[in-house]
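Just so you know, residue 1 is the first one in the sequence shown, and it goes up from there.
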Amino acid sequence: MGYTQRGLGLRAGLSGKFIGEVERGEKSITLDSLYLLSRALRTPLDRLASLNGHPTGGRRRSRKR
């Protein structure tokens with residue numbers, strides 16, 4: 001969406017430093033912070049909570065051949 005870590009943090013009420021630490025896997029995110037991010041990004045919470053953006057946890061269904 002084009003936000004910097006600082007810009008996204010400002011929109012969500014979180015620090016840009018925290019956003020970067022979560023992105024790098026250095027910190028875990030709480031449900032409260034995830035909710036704030038979902039509102040800032042105008043994205044459903046369940047979409048942010050899924051792994052790799054896929055509801056199946058990043059695993060794609062294999063097609064039968």
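By the side chain to side chain donor-acceptor pair (under 3.5 Å) test, Arg42 is found to be paired with no residue, residues two or more places apart in sequence or in another chain being considered. Residues meeting the side chain to side chain donor-acceptor pair (under 3.5 Å) test with Ser38, sequence neighbours left out: none. Applying the side-chain contact (heavy atoms from CB on, under 4.5 Å) criterion to Ser28, with sequence neighbours excluded, gives no partner residue. Annotation: side-chain contact (heavy atoms from CB on, under 4.5 Å) contacts of Leu41 (sequence neighbours excluded): Met1, Tyr3, Leu8, Thr43, Leu48.
One distance of note links CZ of Arg24 with CD1 of Ile19; it measures 11.0 Å at 0.5 Å rounding. One distance of note links CZ of Phe18 with CD of Glu26; it measures 11.5 Å at 0.5 Å rounding.
Screening Asp32, Leu45, Val22, Leu14 for a side chain to side chain contact (heavy atoms under 4.5 Å, CB included) involving Leu37 leaves a single residue, Leu14.
Sorted by first and then second residue, the pairs that involve residues 3-19 and meet salt bridge (Lys or Arg N to Asp or Glu O under 4.0 Å), not counting sequence neighbours, are Lys17-Glu21.
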